[in-house]
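This report concerns only the one structure given below.
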Amino acid sequence: MVAESLAEWWHESARDLPWRFGRATPWGVLVSEVMSQQTQMSRVVPYWQAWMERWPDAAALADASKADVITAWGRLGYPRRALRLQECARMVADDYHDDLPRTYDELVALPGIGDYTASAVMSFAYGERIAVIDTNIRRVLSRVFLGAESRGGAASPAERALANRVLPEDSAARCRGFDRPSVVWNQSVMELGAVICTAKSPLCEQCPVAAECMFLANGRPGLGERRTRPHQRFRGTDRQVRGLVLNALRGLPDGRIAIDRKDIEALWSDHIQLDKCIASLDDDGLIEMLPDGSVRLPC
DNA sequence: ATCCGGTTAC
DNA sequence: GTAACAGGAT
């Protein structure tokens, strides 16, 4: 019943994202999922389109320079994702003849691909029946079927069991991959969590499964009371400083490659923290430290 | 349990 | 100002 309501809602009002409805290759779907890790879809769309035009497949991305990859990642955030995506592309190109593997175990073994992304590719790119578990799906399933908010931290065994229990069967083999019930279920539950069943202020009056939702029936207990993740500040942290350094390097005009020590020091007054961040960026392979104290993007 | 960006929405 | 965001690696 919930599945039918959601499927109808999905076909009426799913956002027309460019990698949906069979318009992207499996590699393109994987790129969209990696870009979407902790980043809103609306911000991902233009980056994904430019990225796929420039590097249409894993082999193309594998041949790019690190500096180009980091620069093209732009302000999507968490730039280590960009390097891991290129490492992933190299493994796909070298070890799988540029053909993305089709099993969960092979996908989850790739750099930057965890449980969520591997499951999402299996479902959305290959049409396989598999429970996809992300923050949206955890919140929606917990609300609709348990009548309570999901807890922070990693997905619990109980949440995984619930996701597997309510995942529809794909009995109609005639359906095309992305029209299979399990795939529509995964996509529509996630979409509902993104646009209707949001964390802070869910739009229950617009919800297609409001009549069957235990959370709404219970009077939405503890709404917005418990975060899905531990709170992380940003201002003044290493993440902000790392971002300042990388942004300065990304913004260099053509022809200029490095930033000298004096200009680096102008980015952040606490030079102890600054040096710590430069060292960590170097460790991550996001920058290179030169003997004269200047820094540059890696080749 | 922590670290890792940057933007958006409230 | 702050929580939240299609997570992953350590």
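Because the structure is predicted, anything quoted here is derived from the model rather than measured. Just so it is clear: chains get the letters A, B, ... in the order the sequence lines come, proteins before strands, and each one is counted from 1.
At the heavy-atom level, A:Ala199 lies under 4.0 Å from the strands shown only through sugar-phosphate atoms. Nucleic acid contact class of A:Gly77 (heavy atoms, under 4.0 Å, all strands): base. Residue contacts shown for A:Leu17 include a base, since a base heavy atom lies under 4.0 Å away.
Non-hydrogen atoms lying under 4.0 Å from DNA chain C are contributed by A:Asp134, A:Thr135, A:Asn136, A:Arg139, all within residues 132-146 of chain A. Within residues 32-47 of chain A, the residues that have a heavy atom under 4.0 Å from DNA chain B are, in order of number, A:Gln38, A:Thr39, A:Gln40, A:Arg43. Residues from residues 236-253 of chain A with heavy atoms under 4.0 angstrom of DNA chain C: there are none. Contacts between residues 78-87 of chain A and DNA chain B, counted as heavy-atom distances below 4.0 Å, involve A:Tyr78, A:Pro79, A:Arg80, A:Arg81.
Around the CD atom of A:Glu205, the shell of radius 6.0 Å holds more than 12 heavy atoms that belong to other residues, nucleotides or ligands.
Tested against A:Trp19, the residues A:Leu30, A:Val44, A:Thr25 include a single side chain to side chain contact (heavy atoms under 4.5 Å, CB included) partner, A:Val44.
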Atom pairs and distances, donor-acceptor, side-chain atoms in residues 108-117 of chain A, under 3.5 Å, two or more places apart:
| residue | atom | partner | partner atom | Å |
| --- | --- | --- | --- | --- |
| A:Asp115 | OD1 | A:Tyr104 | OH | 2.6 |
| A:Asp115 | OD2 | A:Arg160 | NH1 | 3.4 |
| A:Tyr116 | OH | A:Glu33 | OE1 | 2.6 |
| A:Thr117 | OG1 | A:Gln37 | NE2 | 2.9 |

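Closest approach of A:Leu162 and A:Ser142 over heavy atoms only: CD2-N, 4.4 Å. In this structure, A:Pro208 and A:Ser5 approach most closely via the heavy-atom pair O-CB, 3.6 Å. Heavy-atom minimum distance, A:Asp68 versus A:Trp55: O-CH2, 3.8 Å. Residues A:Arg129 and A:Asn164 share a closest heavy-atom pair of NH2-O, 4.2 Å. The heavy-atom pair separating A:Val69 from A:Ala82 by the smallest distance is CG1-O, 3.6 Å. Scanning both residues, A:Leu286 and A:Leu246, for their nearest heavy atoms gives O-CD2, 4.0 Å.
Between chain A and DNA chain B, the heavy-atom contact criterion of under 4.0 Å yields a 5' to 3' nucleotide range of B:dC3 to B:dT7.
In this structure, A:Tyr116 places its OH atom 12 Å from C1' of C:dC5, rounding to the nearest Å. Atom pair A:Asp115:CG and C:dA9:P shows a separation of 11 Å (rounding to whole Å applied). Between A:Ile113 atom CD1 and C:dA6 atom C1' there is a gap of 13 Å when expressed in whole angstrom units. In this structure, CG of A:Asp283 is placed 14 Å from C1' of C:dA9, rounded to the nearest angstrom. A:Arg160 places its CZ atom 13 Å from the P atom of C:dG7, with the value rounded to the nearest Å.
Using a cutoff of 4.0 Å between basic side-chain nitrogens and carboxylate oxygens, A:Asp270 and A:Lys276 are not scored as salt-bridged. Under 4.0 Å is where a charged nitrogen must lie from a carboxylate oxygen, and between A:Arg23 and A:Asp16 at least one such pair does.
On the P atoms, B:dA9 is 12 Å away from C:dA6, given to the nearest whole Å. Rounded to whole Å, the separation between the C1' atoms of B:dG5 and C:dA4 comes to 14 Å. Annotation: B:dG6 and C:dT10 have their C1' atoms spaced 23 Å apart (nearest Å).
Projected onto DNA chain C by closest heavy-atom contact, A:Gly112 and A:Gly193 fall at different nucleotides, the more 5' of which corresponds to A:Gly193. Two residues, A:Val108 and A:Arg15, neighbour DNA chain C, and the one matched to the more 5' nucleotide by heavy-atom proximity is A:Arg15.
Contact of the A:Arg220 side chain with the A:Pro202 side chain is registered, since non-hydrogen atoms from C-beta on lie closer than 4.5 Å.
Using modelled atom types, one finds no donor on one side chain facing an acceptor on the other under 3.5 Å when comparing A:Asp260 with A:Ser294. A:Ser280 and A:Arg242 share a donor-acceptor pair across their side chains, judged by distance under 3.5 Å alone. Using modelled atom types, one finds no donor on one side chain facing an acceptor on the other under 3.5 Å when comparing A:Glu191 with A:Trp10.
With hydrogens and angles ignored, a donor-acceptor pair under 3.5 angstrom links the side chain of A:Arg20 to the base of C:dA6.
A:Asp98 places a side-chain N or O within donor-acceptor distance of the main-chain N or O of A:Ala59, the cut-off being under 3.5 Å.
Under the 30°/60° scheme for interplanar angles, the aromatic rings of A:Trp185 and A:Phe145 are found to be tilted.
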